[in-house]
Amino acid sequence: MRLSPNLLEWQTFPQDPEAPVSEWPSESFYGQERAREALEAALRTGGHGYLVGPSGLGKKAALFDFLKRQPPRTPPPDQLYLPLSAFEALGMKLPAGQGRGLQRAASSFLAERQLLAAYLRQMPFLQEKYRLEAQFNAQQRTLLERLAEEAKAQGFTLQQTEEGIRLSGPQEPSPDLKARLEETALALMSLAHQATEALGRLRYEWAAQYLEPRLRTLGEQYPAARPYWEALYRQLLAWSEAGEYPQDVTPWQAHLLLGATPQDPPPVVYEPLPTPARLCGRLEYRSVEGRLITYAGLIRPGALHKAQGGFLVLDAIQVWQQGSWPYLKRALKNGEVELFREESGGPKVQGLEALPMPLQTQVFLVGPHEVFHLMEHDDDFAELFRFRVEFSPVLEANPRTLRFLGSFVQSYGYTLTQGALAALYDYARRSVEHRQLLDGRLEELLTLAREAKALSQNPLVTREAVLQAIDLRDARSALSEEFFLREVREGTWNFQLQGKALGQVNGLVVLETDPPWGRPVRITARASAGREGVVSIDREAGLTGQVFHKAALTLEGYLRGHYAEVGALAVTVSVVFEQNYGHIEGDSAGLAELLAVLSAIGGFSLRQDLAVTGAVDQLGNVLAVGGVTPKVEGFYRICQAVGLTGSQGVVLPKANLINLTLSEEVLQAVKAGQFHIYAVSQVDEALELFTGLKKGFRGAHERVRAALEEFQKLEDGEEEPEEPKP
């Protein structure tokens, strides 16, 4: 049936298009209730989730708004790295606000080295030291006196110099005396070493006596840090034993990686570039006397550290592309984050092994379906990310959605007239080619509103500005279409848009561009006696996909079913998309191909001022297809380019009426009778439109059936083909 202009009207026209849009409360999850419920479930259980849906739906913005609206929870912890040695550091968490206290306590404990030095210069210790030294000095004197007496008895004098002891006499000492000299020298060296060790033990014991009360106090104040206190205690004792206290103790300082206060809310962290180092933290290095060294104070936090006690939001595609997925899943599985250490062939670095930091955070990945299909091949992904937060790409088109759209756009500072809002609303419906749905990619509408604001001549964004922005956006992508239309006018592309032709029909295709452009394609068919059935030349040339193959086989099923009384089909029909040099996929040309095939077999002509789109099944039902709006507009542009005749139009499935969101230009042409839209639900309706043949005697089917019977006789040898007439 031919559609009246009233059935094609779909646009929104407010009562007062120049009036400003009234304020309306904004809802971050409007139309995405399923996603909000999934997030609420994740929050209740503390599980990780992934937000999935096409780009531009505002998934991250909705997530951030949702997380920041959560009731107060336990504040984030303080995180510290505590050196246990020059090569090992302990990662530890403390309640918010306690980290700085521990850091100050550690600095105070390390400062005891200065007090220890003074303590070991006081008289009680010096008296013990002098007593100990006196004992060793007495033993040394005894050894020297004995050797001196033996040397004197043999006419030698024992002398003490800076280089040691030696014998002085008129002749060479006897071997026995030389042996006694060496024995005494070794004994003196041994006594000196024993004296040094004894003095070190004395300093160690006195330092331990001094430090033990402080160690007990620190252990009681910060019991979780006991390994650190004991490490500092041992190091202070080691310095005391050696009698040397360094000025720079930075490598032994407690490193407060991240601190918080009890009033801080749980952090919501977004890391736009989650490399392994930015995700897990890293070690930096310093150059000291030509060597690269590192220590706990040079540890830098990663996003996982920053999100402790709160939430971490990551772009799934970035996690995948940066190679961070193995590090993220290991951290979540083990409940601890390990610092990333890059292995390289650079200069050797004095290493520090930082023990993992306990991890407690919720992670939300955000991305399109394609990335999650990659991740879902990993069994760990399903185990760790149990909450699928799916955003719908479309919203219901209704007055409430119209108000929501207005409040959403105006929340970003764009004041709209009601006409501008209606234009944005219609643009969103046209983007998804559905009268009762609109595009959920709200960021696209924000971009369009921004462009319209730049074009508007007054503080309000008007309908005219929005329509101008849409036209400019389409024009930016129309260069190839302009070349195509010029080549149509020049005759490079061979289209017949008037009259009738045998075995030829104008089909419609859509180019995968943004926005999509519809174009006609000339489909031709030729039939003869044979046994090969329907032969697609494009399929034989390898230019088609699997869905197209299915559509071609469906045509054969239709022919067998409708003309079963003829018997086995004795026909070969070749079908081709003329002037096509690219890949063809889909079944939307099924009806066009069938019309061309029936025309070629039955010998009746088809109207060339009509184009057709639609899939068919084996029973002759015309099925809905995609892209009907750009297809209609594409054929309209072709007809307009060569001249509208008033009879041209498009035939499409009746099931696609809800998808027709035609431009104002095409609607006006339909109203003026210059262009027509027809809707069919059966193949027979399309046949009648294209041929003018009614059902009954000598109708289209009767002609096809008669031709098939003739082909059957030819194949069976019952008739000789007629000689061509001169």
* Heavy-atom side-chain proximity of Lys550 to Asp587 below 4.5 angstrom -> no
* Asked: Would you call Glu271 and Lys306 a salt bridge, using N to O less than 4.0 angstrom?
  -> no
* Using 4.0 Å as the upper bound for N to carboxylate O, is an ion pair formed by Arg430 and Asp426? -> no
* To do: Check whether any side-chain heavy atom of Gln318 lies under 4.5 Å from a side-chain heavy atom of Leu273, and answer yes or no.
  => yes
* Between Pro83 and Pro251, is any pair of side-chain heavy atoms under 4.5 Å apart? -> no
Please set out all donor-acceptor pairs under 3.5 angstrom arising from side-chain atoms of residues 461-473, sequence neighbours excluded.
| from | atom 1 | to | atom 2 | distance (Å) |
| --- | --- | --- | --- | --- |
| Thr462 | OG1 | Ala465 | N | 3.2 |
| Arg463 | NH1 | Gly419 | O | 3.4 |
| Arg473 | NH1 | Tyr427 | OH | 3.1 |
| Arg473 | NH2 | Glu451 | OE2 | 3.2 |

* Consider only side-chain N and O atoms of Glu390 and His369, and report whether a donor and an acceptor are under 3.5 Å apart. => yes
* Asked: Would Arg429 and Thr12 count as a side chain to side chain donor-acceptor pair (under 3.5 Å) if you check the C-alpha gap in whole Å, the side-chain angles of each, and the deciding distance to 0.1 Å?
  -> CA-CA 10 Å; Arg429 289 196 292 161; Thr12 306; 3.2 Å; yes
* Residues that Lys333 engages under side chain to side chain contact (heavy atoms under 4.5 Å, CB included), provided they are two or more places apart -> Asp380, Leu384
* Main-chain N/O of Tyr327 paired to Ser324 side chain as donor or acceptor, under 3.5 Å -> no
* If the plane angle is over 60° it's perpendicular, under 30° parallel, otherwise tilted; pick one for Tyr81 and His305. => perpendicular
* By ring-ring contact (aromatic ring centres under 6.0 Å, His included), which residues pair with His48, not counting sequence neighbours? -> Phe385
* Structure fact -> When rounded to the nearest 0.5 Å, the distance separating CH2 of Trp229 from CZ of Arg226 is 11.0 Å
* **Donor-acceptor under 3.5 Å (Gln308 side chain, Gln79 main chain)** => no
* **Donor-acceptor pair, side chain of Glu376 and main chain of Phe381, under 3.5 angstrom** => no
* To do: Using the test side chain to side chain contact (heavy atoms under 4.5 Å, CB included), find all partners of Arg403 that sit at least two apart in sequence or belong to another chain.
  => Trp24, Pro399, Arg400
* **Leu279/Gln322 under side-chain contact (heavy atoms from CB on, under 4.5 Å): CA gap, chis, key distance, verdict** => CA-CA 10 Å; Leu279 181 68; Gln322 300 299 329; over 6 Å; no
* To do: Check whether any side-chain N or O of Glu433 sits under 3.5 Å from a backbone N or O of Thr629 as a donor-acceptor pair, and report yes or no.
  => yes
* Structure fact -> Applied to residues 252-264, the salt bridge (Lys or Arg N to Asp or Glu O under 4.0 Å) test, sequence neighbours excluded, yields none
* To do: Could you tell me whether a side-chain N or O of Lys453 sits under 3.5 Å from a main-chain N or O of Pro459, the two making a donor and an acceptor?
  => yes
* Should the ring pair Phe372 and Tyr50 be called parallel, tilted or perpendicular, given that the plane angle runs from 0 to 90° and is split at 30 and 60? -> tilted
* Asked: Once you round to the nearest 0.5 Å, how far does SG of Cys280 lie from CZ of Arg341?
  -> 13.5 Å
* **Pair Lys60 + Asp315: basic N to acidic O under 4.0 Å** => yes
* **Side-chain donor-acceptor contact under 3.5 Å, Arg286 with Tyr295** => yes
Distance-only check: which donor-acceptor pairs under 3.5 Å involve side-chain atoms of residues 32-43, not counting sequence neighbours?
| from | atom 1 | to | atom 2 | distance (Å) |
| --- | --- | --- | --- | --- |
| Gln32 | OE1 | Ser392 | N | 2.7 |
| Gln32 | NE2 | Ser392 | O | 2.9 |
| Glu33 | OE2 | Gly31 | N | 3.3 |

* With a 3.5 Å cut-off and no angle check, do the side chains of Arg386 and Thr45 form a donor-acceptor pair? -> no
* Asked: Roughly how far, to the nearest 0.5 Å, is CG of Leu374 from CH2 of Trp320?
  -> 5.0 Å
* **Check: Phe548 ring centroid to Phe577 ring centroid under 6.0 Å** => yes
* **Side-chain heavy-atom pair Pro266, Gln70 within 4.5 angstrom cut-off** => no
* Asked: Glu585 side chain to Gln546 main-chain N or O, any donor-acceptor pair under 3.5 Å?
  -> yes
* Side-chain heavy atoms of Phe29 within contact of Phe391, under 4.5 Å -> yes
